[in-house]
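Remember, predicted model here, so these are calculated numbers, not experimental data. Below, each value reflects all heavy atoms present in this structure, side chains not excepted, and no hydrogens, waters or symmetry copies.
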Amino acid sequence: MATDYFGVLGVARGASDSDIKRAYRRLARDLHPDVNPAPGAKERFQEVTRAYEALTDPEKRRIVDLGGDPFDNGGGGGAGGFGGAGFGGLGDIMDAFFGGAATRGPRSRTRAGRDALIPIELELDETVFGVTKDLAVDTAVLCTICTGAGTAPGTHPTTCTTCAGRGEVQSVQRGFLGQVVSSRVCPTCAGTGQVIPEPCPECGGDGRVRSRRTISVKVPAGVEDGMRIRLTGQGEVGPGGGPAGDLYVEIHERPHDVFTRDGEDLHCRVTLPMTSAALGTTLSLKTLDGEEDLDIRPGTQSDSVLTLRAHGAPRLRGTGRGNLLVHVEVSTPTRLDPEQEKLLRELAALRGEDQPESHREAQGGLFSRVRDAFNGR
């Protein structure tokens, strides 16, 4: 029974080429082995690609419309015809043992394009609040002269005379088992069964050309360094005008002069005079949202961390924003004039700090007390 290639792609019989391309692009994007490691995804991807080839090649499409299977070479065994091993017939068995590669009919010139990757450098405020950027992209695009056909205007592909349109050539070798027939891809048409006698002068028969274009990229708020944004169908157009791959834009966040980032939280450092830390003050702090007043409580110590809530980056996969964490350093003066030194000495005397006990004296006092305890004093 012939495979229902329309059902494989999920399109109706008689679907247009654009509907088939759209369905294939959607399925291939979800099933590609590079992005979908699930069991069976690779086999499903190959099945979808096979259906796409069957429905986009005019000759194969004609066979499908007549109820046949363009990939059926009449092996006689069917799938699993040799004890369920997955071999078609005797020719397939010989191919498996002697290196032949049965191509099962010509393959389509049209193939899916590759994905492309382009880096983009952004400032911290652009990654935090989001931005729209115009990017210059140099990729393969559809040839406007032949629209992917690869032929010069007014000409068409012709059947390959080397393989008679089969896409494969056979050779006969004599061995201890007798004659062995093996198949390989036709070297003239590369397995497509067709040749282009007059290639398109613009693309040279490839159906695509390289071109620089400008695309607009919307960067969502909250992205981080190293993240990638996928633009569906903006990658390389495939050979023969095949569906384009995806374009990935990789985010590179430039270092900021003031703030560092840890996920959705931002960090900065401020230095306070000793008097401000002791007496308390209000500090005007410049944040990404503008000027904010930060209350410094009396007695704030060095290495304290003060929090401005909801002044960090938005949560990319949630609601709300992170915090701005302000790390405090207390600065001790290194040079005092006589009046300042006098005032500090008076303050130290008032607080009983004018004669601080040294580490050695403290240790001596401790050992003296221990010694006196043992001596019964």
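The hydrophobic clustering, which links ILVMFWY residues whose side-chain heavy atoms are closer than 4.5 Å, places V326 and V128 together. Under the 4.5 Å side-chain contact rule for hydrophobic residues, L231 and M227 share a cluster. Cluster membership for L27 and V64, using ILVMFWY side-chain heavy atoms within less than 4.5 angstrom, is shared. Linking Ile, Leu, Val, Met, Phe, Trp and Tyr whenever their side-chain heavy atoms come within less than 4.5 Å puts L283 and F259 in one cluster. With hydrophobic clusters built from ILVMFWY side chains whose heavy atoms lie under 4.5 angstrom apart, L306 shares a cluster with L324.
Other residues, nucleotides and ligands contribute only 12 or fewer heavy atoms inside 6.0 Å of the CZ atom of R297. Heavy-atom contacts from other residues, nucleotides or ligands closer than 6.0 Å to CD of E291 number more than 12. Within 6.0 Å of NE2 on H327 lie more than 12 heavy atoms contributed by other residues, nucleotides or ligands.
Looking only at side-chain heavy atoms (C-beta outward), R61 and T56 stay at 4.5 Å or farther from each other. With contacts defined as side-chain heavy-atom distances shorter than 4.5 Å, the pair V8/Y52 does not qualify. In this structure, L266 and H256 have side chains that are not in contact, with every pair of non-hydrogen atoms separated by 4.5 Å or more. Looking at heavy atoms from C-beta onward, D134 lies in side-chain contact with S216 at the 4.5 angstrom threshold. Between R184 and V169 the shortest side-chain heavy-atom distance falls below 4.5 Å. Counting heavy atoms from C-beta on, the side chains of R228 and L117 come closer than 4.5 Å. A 4.5 Å side-chain heavy-atom check between R109 and I196 finds at least one atom pair inside the cut-off. Side-chain atoms of Y24 and T49, non-hydrogen and from C-beta on, do get closer than 4.5 Å to each other.
Screening residues 110-130 for salt bridge (charged side-chain N to carboxylate O under 4.0 Å, His left out), with sequence neighbours left out, gives E121-R254, E123-R254, E126-K133.
In summary, R335 and E341 do not engage in a salt bridge, as defined by a charged side-chain N under 4.0 Å from a carboxylate O. Looking at R107 and E53, no side-chain N of the basic residue comes within less than 4.0 Å of a carboxylate O on the acidic one, giving no salt bridge. Under the 4.0 Å criterion applied to side-chain N and carboxylate O atoms, E59 and R62 are assigned as salt-bridge partners.
Contact detail for T110 and G240: the closest heavy-atom pair is OG1-O, 3.4 Å. Across all their heavy atoms, S183 and E168 have their closest contact at CB-OE1, 3.9 Å. In plain terms, the two heavy atoms of A190 and V185 that are nearest each other are C-CG1, 3.5 Å. Here the closest heavy-atom approach between residue D225 and residue E253 is recorded as OD1-N, 2.7 Å. Across A310 and N323, no two heavy atoms sit closer than the pair N-OD1, 3.0 Å. Contact record, G14 with F6: N-CE2, 3.8 Å, taken as the closest heavy-atom pair.
Atom-to-atom distance recorded for I215:CD1 and L135:CG is 6.0 Å, nearest 0.5 angstrom. The SG atom of C186 sits 12.0 Å away from atom CD of Q170, with the distance rounded to the nearest 0.5 Å. With rounding to the nearest 0.5 Å, the separation of CG in L9 from CG in L55 is 5.5 Å. Note that the CZ atom of R309 and the CG atom of L325 stand 9.0 Å from one another [nearest 0.5 Å]. Taking OG1 of T300 as the reference point, atom CE of M274 lies at 14.0 Å (rounded to 0.5 Å). The CG atom of L288 lies 7.5 Å from the CZ atom of R321; values are rounded to the nearest 0.5 Å.
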- Could you give me the CA-CA distance, side-chain angles and deciding distance for I251 and I229, then say whether side-chain contact (heavy atoms from CB on, under 4.5 Å) is met? CA-CA 8 Å; I251 304 298; I229 301 172; 4.1 Å; yes
- Item | Audit row: V209, V141, side-chain contact (heavy atoms from CB on, under 4.5 Å) steps and yes/no | CA-CA 6 Å; V209 295; V141 298; 4.0 Å; yes
- Message: For a side-chain contact (heavy atoms from CB on, under 4.5 Å) check, start with the C-alpha distance between R210 and D138, then their side-chain angles and the critical distance, and finish with the verdict.
- Response: CA-CA 7 Å; R210 297 206 70 83; D138 186 6; 4.0 Å; yes
Could you give the side-chain donor-acceptor pairs of residues 197-206 under 3.5 Å, partners two or more places apart or in another chain?
unit_1	atom_1	unit_2	atom_2	d
D206	OD2	R208	NE	2.7

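In terms of modelled atom types and a separation under 3.5 Å, the side chain of R315 and the main chain of R317 share no donor-acceptor contact. With hydrogens and angles disregarded, a donor-acceptor distance shorter than 3.5 Å links the side chain of D337 to the backbone of Q340. A donor-acceptor distance shorter than 3.5 angstrom exists from the side chain of Q301 to the backbone of G299, with no hydrogens or angles considered.
For the residue pair T287/E292, the side-chain donor-acceptor check at 3.5 Å is not satisfied. With 3.5 Å as the limit, one finds a donor-acceptor pair spanning the side chains of H252 and E250.
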